[in-house]
Amino acid sequence: MNRKSDQPDYFKSLPADELHRRISNSKKALGRRLLILGHHYMTDDVIAHTDERGDSFGLAKIAAGTDAEYIVFCGVHFMAETADIITKSEQKVFIPDPHAGCFLADCARIQDVEKAWKDIRKITSDNIIPITYVNSGAEMKAFCGEHGGLVCTSSNSAAALKWAFERGDKVFFFPDQHLGRNTAYGMGIPLDEIILWNADETLGGNGPEAVRDARVILWDGFCDVHQEFNAAYIEKLRRKNPDMKIIVHPECDFDVARVADYMGSTAYIIERIARAPAGTHWAVATERNLVNRLKQKFPDKRIEILQTFEPYCKSMAQITLARLAFQLDQLEKGRLINRVIVSEKFAEGARIAINRMLELS
Ligand code: 13P
Ligand code: SF4
């Protein structure tokens with residue numbers, strides 16, 4: 001591993017056409033042993049080499065169903081962790097940059113979630129079901145598995161909440177307050193039955209009555225990328241373009257979700273725009289790589305991002321062509337770098353919570 005050509009920096013210095021050539025060669029050499037998965041926020045050059053693309057739920061289902069020995073996950077760390085949890089022990093999951101985290105997932109720490117759980121249970125005897133958004137660490141998923149709860153993604157959050165309310169009186173939802181609020185409100189739960197839990201304050205900043213009365217308790221996490229979209233700008237844009245359709249990801253805040261025409265996961269956004277007639281005008285609130293790819297893919301439709309600038313996910317951007325090329329080069333040489341392994345301490349409980357989600361649909 002000491003030669004210059006065996007270092008990630010050497011790959012960074014290579015021109016794009018050479019990286020593409022190396023990736024194609026490594027893929028050929030590894031053949032059916034390798035499966036490359038890519039989230040929709042990857043850049044075009046990385047997406048070009050993925051075998052399957054999807055939203056978090058779609059990719060988790062593909063990971064659960066593949067027999068490939070090596071799964072290279074072009075996405076963020078929690079996605080690769082989820083894949084490791086649901087694949088067989090002989091399969092190995094890799095992420096080309098293990099530091100590609102997720103701002104939202106980092107909003108909740110397990111010790112804070114456990115403390116909140118204890119505090120809530122001290123003042124109410126209601127049956128509480130915990131739900132974690134898949135954008136969270138494995139220990140959060142294990143917590144849900146061990147406490148009668150489940151995982152959800154942006155494409156099945158309503159089904160997860162329904163599942164929870166069939167079994168309990170209250171839902172404790174973390175870490176994304178916006179997905180939780182948008183979903184609960186969309187199912188008819190009024191805002192005064194939804195409270196926010198701030199881990200830095202006593203009882204999350206709520207009075208005991210509010211906690212006792214609440215049907216949904218939301219962690220106060222958010223995604224810094226989707227936080228960039230705002231309702232005031234959307235309304236201004238809509239006044240100028242009354243025929244424009246607004247489509248947003250449910251990680252956007254409540255005011256944005258309320259003025260949108262459509263809301264759903266990245267896969268839903270792609271599908272909804274793909275099905276729309278030529279000549280329609282779409283403004284999209286989600287990460288720029290996906291929106292720009294939609295523009296290229298559907299030149300017969302007018303598609304724009306719902307902001308004056310292009311919000312992008314720094315974490316997803318860490319998965320570059322050079323890193324993918326280096327990852328595959330090392331795998332081809334039998335060097336299992338950047339492997340993602342979830343400790344058995346969390347994997348068992350997390351698997352229960354993920355499987356409950358996979359059984360929803
Ligand atoms: P999707 O599951 O909708 O692709 O969302 C994942 C994500 O991280 C969005 O920010
Ligand atoms: Fe996490 Fe937001 Fe990036 Fe999605 S866009 S991976 S939620 S930081």
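Fair warning: this is a prediction, and the values are worked out from it, not measured in the lab. Read the numbers this way: they start at 1 and go in the same order the structure lists the ligands and their atoms. This chain uses plain numbering: 1 for the first residue, then up along the sequence.
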Q) Going by heavy atoms, is Glu251 under 4.0 Å from ligand 2? A) yes
Q) Does an N or O from Ser265, backbone or side chain, lie closer than 3.5 Å to an N or O of ligand 1? A) no
**Q.** Contact partition for Tyr41 relative to ligand 1, non-hydrogen atoms under 4.0 Å
**A.** side chain
Q. Of all the heavy atoms in Thr153, does at least one lie under 4.0 Å from an atom in ligand 1?
A. no
Q. Strictly under 6.0 Å, is that where the ring centroids of Trp197 and Phe174 end up?
A. no
Q.
Check Asp9 with Lys12, please: is the shortest side-chain N to carboxylate O separation under 4.0 Å?
A. yes
(Q) Within ligand 1, which atoms have a heavy atom of His249 less than 4.0 Å away? (A) 1 (P), 3 (O), 5 (O), 9 (C)
Q) Looking at Arg258 and Asp255, does any basic side-chain N land under 4.0 Å from a carboxylate oxygen? A) no
Q. Please state which protein non-hydrogen atom is closest to atom 2 (O) of ligand 1 and give its distance, to 0.1 Å?
A. Ser56 OG, 2.8 Å
Q: Answer side chain, backbone, both or neither: which part of Glu251 comes under 4.0 Å from ligand 1, heavy atoms only.
A: side chain
Q.
Can you report which non-hydrogen protein atom sits closest to atom 8 (S) of ligand 2, along with the distance?
A. Phe103 N, 3.6 Å
Q: Identify the protein heavy atom lying closest to atom 3 (Fe) of ligand 2, giving its residue, its atom name and the separation to 0.1 Å.
A: Cys313 SG, 2.4 Å
Q: Identify, for atom 2 (Fe) of ligand 2, the protein heavy atom at the shortest distance, and state residue, atom and that distance.
A: Cys223 SG, 2.4 Å
Q) For ligand 1, is there an atom lying under 4.0 Å from some heavy atom of His40? A) no
Q) Is it true that a side-chain atom of Asn230 and a backbone atom of Tyr233 form a donor plus acceptor pair closer than 3.5 Å? A) yes
Q.
Under 4.0 Å, counting heavy atoms only: does His226 come that close to any atom of ligand 1?
A. yes
Q | Arg351/Glu344 salt bridge by N-O under 4.0 Å criterion | A | yes
Q: Give a yes or no on whether a salt bridge exists between Lys141 and Glu139, defined as a side-chain N under 4.0 angstrom from a carboxylate O.
A: no
Q) Between Tyr41 and His39, what is the ring plane arrangement, given parallel below 30°, perpendicular above 60°, and tilted in between? A) perpendicular
**Q.** Proximity to ligand 2 by part of Met316, non-hydrogen separation under 4.0 Å
**A.** side chain
Q.
Just checking His226 against Phe222, ring centres under 6.0 Å apart?
A. no
Q. Does a donor on one side chain and an acceptor on the other come within less than 3.5 Å for Ser56 and Thr153?
A. no
Q: Using non-hydrogen atoms of the residue, decide whether His39 is closer than 4.0 angstrom to ligand 1.
A: yes
**Q.** N/O/S from Cys102 sitting under 2.8 Å away from atom 2 (Fe) of ligand 2
**A.** no
Q | Phe94 ring center near Phe73 ring center (under 6.0 Å) | A | no
**Q.** Non-hydrogen atoms of Ile131 and Cys152 that approach each other most closely
**A.** CG2-SG, 3.9 Å
Q.
Under 4.0 Å from a heavy atom of Ser154: which atoms of ligand 1 are those, numbered in the order shown and with their elements?
A. 1 (P), 2 (O), 3 (O)
Q: Could you tell me which atoms of ligand 1, counted from 1 in the order shown, lie closer than 4.0 angstrom to a heavy atom of Asn135?
A: 7 (C), 8 (O)
